[in-house]
Each structure stands twice: as C-alpha cells, then as structure tokens.
Amino acid sequence: MAVTPEDVRHVAQLARMGIPEAELAVYVSQLNGILAHMEVLAKVEPGAVADAAEAAREGMRTRPDVPGAVKLEIPREQFAPQMKGGFFLVPRLATHEDPGEES
C-alpha cells in the first residue's frame with residue numbers, strides 16, 4: 001500500500017495542518033519509507049522475540065547487598081590530605097570574604 005499526495009493532503013486536513021506543496025513530495029516519500037519498513041517487520045518470526053521477552057522477565061542478576069564502606073581506588077590522603085573531625089578540610093575560596101571582616 002503506497003501513500004499518495006492526496007492521502008497526505010487528507011491527513012493534513014484532518015489534523016488541521018497546512019503542508020506547503022513544495023514539501024508534499026518529501027512527506028509522501030517519508031511515509032512510504034515508513035510503510036515499507038513496517039512490511040519488513042511484519043515478516044519477522046515472533047518466536048525469537050518471545051524468547052528475548054522471557055529472558056528479560058527473569059531479571060538481571062544482582063550481587064549480594066553487603067553493608068559497609070566501598071574500598072577506594074587510591075588512598076584518601078592522595079586527594080584529601082587534611083581532615084578534621086571526619087571531614088575534609090579544603091582551602092577557603094578567594095571569592096568568599098571572612099565573615100569577621102568589614103567591607
């Protein structure tokens with residue numbers, strides 16, 4: 001089944017869309033391409049699709065949920081050399097003023 005320019009005009013009118021005559025051939029070509037692709041998909045055997053759907057229902061294998069800290073790739077001291085009370089100490093940004101200073 002092929003789409004004709006009259007089909008495109010009719011659908012555009014139903015959708016209350018205006019399609020310029022210069023673009024009409026492009027829409028006809030694109031819609032015919034989509035329909036040709038749908039014909040190819042209609043020839044696919046559904047057995048393989050059902051097998052894939054069944055495998056997806058089983059779910060993904062998961063690892064056991066073990067509480068605890070995750071081991072770091074590099075030692076903490078390498079990227080955060082200073083700590084106080086369990087928090088990282090970072091240098092004060094130059095854009096921030098000391099709250100005690102008067103401007």
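Numbering of residues begins at 1 and proceeds along the displayed sequence.
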- Contacts of A80 that satisfy side chain to side chain contact (heavy atoms under 4.5 Å, CB included) - sequence neighbours left out: R76, F88
- Message: Hydrophobic clustering (ILVMFWY, side-chain heavy atoms < 4.5 Å, transitive) - are M17 and I34 grouped together?
- Response: no
- Message: With clusters defined by side-chain heavy atoms of hydrophobic residues (ILVMFWY) lying less than 4.5 Å apart, directly or transitively, does V11 cluster with L35?
- Response: no
- E6: partners by salt bridge (charged side-chain N to carboxylate O under 4.0 Å, His left out), with sequence neighbours left out: R9
- For P75, side chain to side chain contact (heavy atoms under 4.5 Å, CB included) partners two or more places apart: E77, Q78
- Message: Under a 3.5 Å distance rule, please check whether N32 uses its side chain to pair with a backbone N or O of V3 as donor and acceptor.
- Response: yes
Name the atoms and distances for all side-chain donor-acceptor pairs under 3.5 Å in residues 22-30, with sequence neighbours left out.
none

- Item | L89 reachable from F87 in the ILVMFWY side-chain graph, under 4.5 Å edges | no
- Message: According to side-chain hydrogen bond (donor to acceptor under 3.5 Å, both in side chains), who are the partners of D7, at least two apart in sequence or on a separate chain?
- Response: T4
